[in-house]
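Since the structure comes first, as structure tokens, the remarks are kept for the end.
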Amino acid sequence: MMTNTQPKSIIVIFGATGDLAKRKLFPSIFRLYKENKLSEDFAVVGVARRPWTNDELRSNVKKSVEKLQSENADVEKFASHFYYQPFDVTDVASYQQLNHLLSDLDKQYNVPGNRIFYLAMAPEFFGTIASNLKDEGLTSTEGWSRLVIEKPFGHNHPSAKQLNEQIRQAFNEDQIYRIDHYLGKEMVQNIEVIRFANALFEPMWNNQYISNIQITSSETLGVEDRGRYYESSGALRDMVQNHMLQMVALLAMEPPIKLTPEEIRSEKVKVLRALRKMDVTEVDDYFVRGQYGKGIVEEQEVQAYNEEQSVDPDSNTETFVSGKLMIDNFRWAGVPIYIRTGKRMKEKSTEIVVQFKDLPMNLYFNKGKNIHPNLLVIHIQPDEGITLHLNARKADSAATSTPIKLDYCNNCGDKMNTPEAYERLIYDCMRGDATNFTHWDEVSLSWEFVDTISQAWADKKADNFPNYESGSMGPKESDALLAKDGFHWWNISKNHTLED
Ligand SMILES: NC(=O)C1=CN([C@@H]2O[C@H](COP(=O)(O)OP(=O)(O)OC[C@H]3O[C@@H](n4cnc5c(N)ncnc54)[C@H](OP(=O)(O)O)[C@@H]3O)[C@@H](O)[C@H]2O)C=CC1
Ligand SMILES: O=C1O[C@H](COP(=O)(O)O)[C@@H](O)[C@H](O)[C@H]1O
């Protein structure tokens, strides 16, 4: 990994006229610029089909970063580092022209041939672009070349494998940076630190002390204008195959022997390999699917999924998934890890709840109630922090206890201070740190796990869709999934207290 804090490179964004570039990539590069993490010697080349000019791209860049403007960053100067080339991904002449432009920019900005190719466009083009970049000599420079790939990485295991093989003909595994933006989130990165830097937790992080773990990632948004993509994806491929399983891997992995990308990945891979495999006939015992109906979200009436644009009125696509994962290894045998994610739910929130086992005997019961279990809640978003739920003496009585909480909030003072996930990941890629990107082995194992579920759901159409109201926490079957094990979902309120 490079230790240079101002790495010099040219970033080429394929799909520079698109939504991701506008909403995430330009603002993230601007934040890096503001924080002085980019050398003045940087350039960004945007390519897409539209016949834009440099000035048109620059004016779009300025628009997308205007809210982030501050005294110490000159937006005009920032935008002047952007260049545009109209591009046809299937035409070799486009690559040749791009190669000339990049060589000129290398000289102009004194960049030693370091290139990041960021593929922010539909995945069907990923393989073609990778091959053409190599064949037309864009990767043959004196510096390094890295390929950043957006999700989805394939549609299932066979298509992901095929895509990987195609890309690997042009780039080595260590040049490929597969983005999972959850790995760029502050508190997802903090999972390892919470686990491995606290003597309090690590000895208890196993099936002797933990009764279950719950990971919830709920969204209030519906599919917006992504109906066409979402119809072929659904929540399982969109969220579970990548973000949810990555969080599971980080929570369950063994301590790596060193904090290198290779060692961390190797531990994550072992978790994914230990996930209990299901037969298609067993999927209903472990997984629940849902699709939102109409309802009220954030005080607005919203339509059902099957009324959204580009969605089949008879759609079998799930917008909600909850599941029970078992990790069949020594540390986790018998501990369910429950996950749930969905669109049009009650609130936008990602949280992990680690529920510890009850003491074998407890002297201090709440009046008329059982004692509260100890919980460690990791708030991923919108708040970033941790809350430890304990029990303490009630002031007026020596014999009863009351639940208390110890709260740490990382971003409560100023939410703007936390770097965007994309900002961290782009910077990591510039510095050659692949720790928070997904290795092919992780992608492959995740698809194998998810494919069984999608096959079961494709084989058997859901006969009860839509089965949850927009603005709720999902279908009742999701609650039943935990109830049959004697658990329930912990709902955490905005002020981090537990809701019954
Ligand atoms: N938007 C988001 O929030 C997220 C997006 N992603 C992923 O990022 C990628 C891009 O998504 P998004 O920006 O939303 O998509 P958009 O549809 O908004 O943009 C697609 C881009 O690709 C360009 N393009 C399409 N076909 C061609 C072609 N034949 N040759 C050259 N350029 C082409 C389009 O430009 P033009 O029409 O000018 O050619 C446009 O710039 C996808 O893989 C998506 O899954 C992942 C996570 C979140
Ligand atoms: O990858 C995706 O993630 C977003 C949710 O990301 P978050 O950072 O806002 O939690 C989701 O809306 C989208 O459907 C999915 O493709």
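Only a predicted model underlies this, so the values are computations on that prediction, with no experimental measurement involved.
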Main-chain N/O of [Y] paired to [X] side chain as donor or acceptor, under 3.5 Å:
X: N411; Y: P382; value: yes
X: D279; Y: E282; value: no
X: S315; Y: V311; value: no
X: S478; Y: G474; value: no
X: D433; Y: L425; value: no
X: N316; Y: W457; value: yes
X: Q175; Y: S145; value: yes
X: S444; Y: W440; value: no
X: N206; Y: R331; value: no
X: R146; Y: Y118; value: no

**Q.** ring-ring contact (aromatic ring centres under 6.0 Å, His included) contacts touching residues 36-59 (sequence neighbours left out)
**A.**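 Pairs touching residues 36-59 that pass the test: Y33-F42, F42-H81, W52-Y84.
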
Value rounded to 0.5 Å, distance of [atom1] in [X] from [atom2] in [Y]:
X: F449; Y: L236; atom1: CZ; atom2: CG; result: 9.0 Å
X: Q85; Y: L57; atom1: CD; atom2: CG; result: 12.0 Å
X: I149; Y: F126; atom1: CD1; atom2: CZ; result: 6.0 Å

Between [X] and [Y]: side-chain donor-acceptor atoms closer than 3.5 Å:
X: T53; Y: D55; result: no
X: N306; Y: E308; result: no
X: S310; Y: Y229; result: no
X: E318; Y: Q291; result: no
X: S232; Y: H155; result: no
X: N156; Y: S159; result: yes
X: K185; Y: Q381; result: yes
X: S218; Y: T216; result: no

Residues [X], [Y]: salt bridge by 4.0 Å N-O rule:
X: D314; Y: K461; result: yes
X: E231; Y: R226; result: no
X: E76; Y: K62; result: yes
X: K151; Y: D238; result: yes
X: K270; Y: E267; result: yes
X: K343; Y: E219; result: yes
X: R195; Y: E202; result: yes
X: K277; Y: D328; result: no

[X] ring center near [Y] ring center (under 6.0 Å):
X: F320; Y: Y468; answer: yes
X: F82; Y: F26; answer: yes
X: F87; Y: Y95; answer: yes

Within a 6.0 Å radius of atom [atom1] on [X], are there more than 12 heavy atoms belonging to other residues, nucleotides or ligands?
X: K460; atom1: NZ; value: no
X: Q309; atom1: CD; value: no
X: R168; atom1: CZ; value: yes

Q | Qualifying residues under salt bridge (Lys or Arg N to Asp or Glu O under 4.0 Å), relative to E442, sequence neighbours excluded | A |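 With sequence neighbours excluded, E442 shows a salt bridge (Lys or Arg N to Asp or Glu O under 4.0 Å) to K268, given in chain and number order.
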
pair [X]-[Y]: side-chain heavy atoms closer than 4.5 Å:
X: L147; Y: T139; value: no
X: N164; Y: V443; value: no
X: V61; Y: F78; value: yes
X: F14; Y: L98; value: yes

Q: For a side chain to side chain donor-acceptor pair (under 3.5 Å) with R178, tell me which candidate from H439, E173, E150 qualifies.
A: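 Testing each of H439, E173, E150 against R178, the sole residue satisfying side chain to side chain donor-acceptor pair (under 3.5 Å) is E173.
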
Ignoring hydrogens, what is the shortest heavy-atom contact between [X] and [Y]? Give both atom names and the distance.
X: T128; Y: V89; value: CG2-O, 3.8 Å
X: S446; Y: L245; value: CB-CD1, 3.8 Å
X: G113; Y: T141; value: O-OG1, 2.7 Å
X: I210; Y: V335; value: O-CG2, 3.6 Å
X: P51; Y: E56; value: O-OE1, 3.9 Å
X: W144; Y: S9; value: CH2-CB, 3.5 Å

**Q.** Option from T341, V240, L481 for which side chain to side chain contact (heavy atoms under 4.5 Å, CB included) with S322 holds
**A.**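 It is L481; the other options fail the test.
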
Q) Between R31 and Y427, is NZ or CZ placed under 6.0 angstrom from the six-membered ring centre and within 45° of the ring axis? A)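 Cation-pi check for R31 and Y427: fails.
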
Q) Is the NZ or CZ atom of R340 positioned over Y338's six-membered ring, under 6.0 angstrom from the centre and within 45° of the axis? A)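 No, cation not above the ring by the 6.0 Å, 45° rule.
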
**Q.** E165 vs K161, salt bridge (Lys or Arg N to Asp or Glu O under 4.0 Å): CA-CA, chis, key distance, verdict
**A.** CA-CA 6 Å; E165 280 162 5; K161 187 163 179 278; 3.3 Å; yes

Q. Step by step, would you call N212 with Q214 a side chain to side chain donor-acceptor pair (under 3.5 Å)?
A. CA-CA 7 Å; N212 73 91; Q214 305 178 7; 3.1 Å; yes

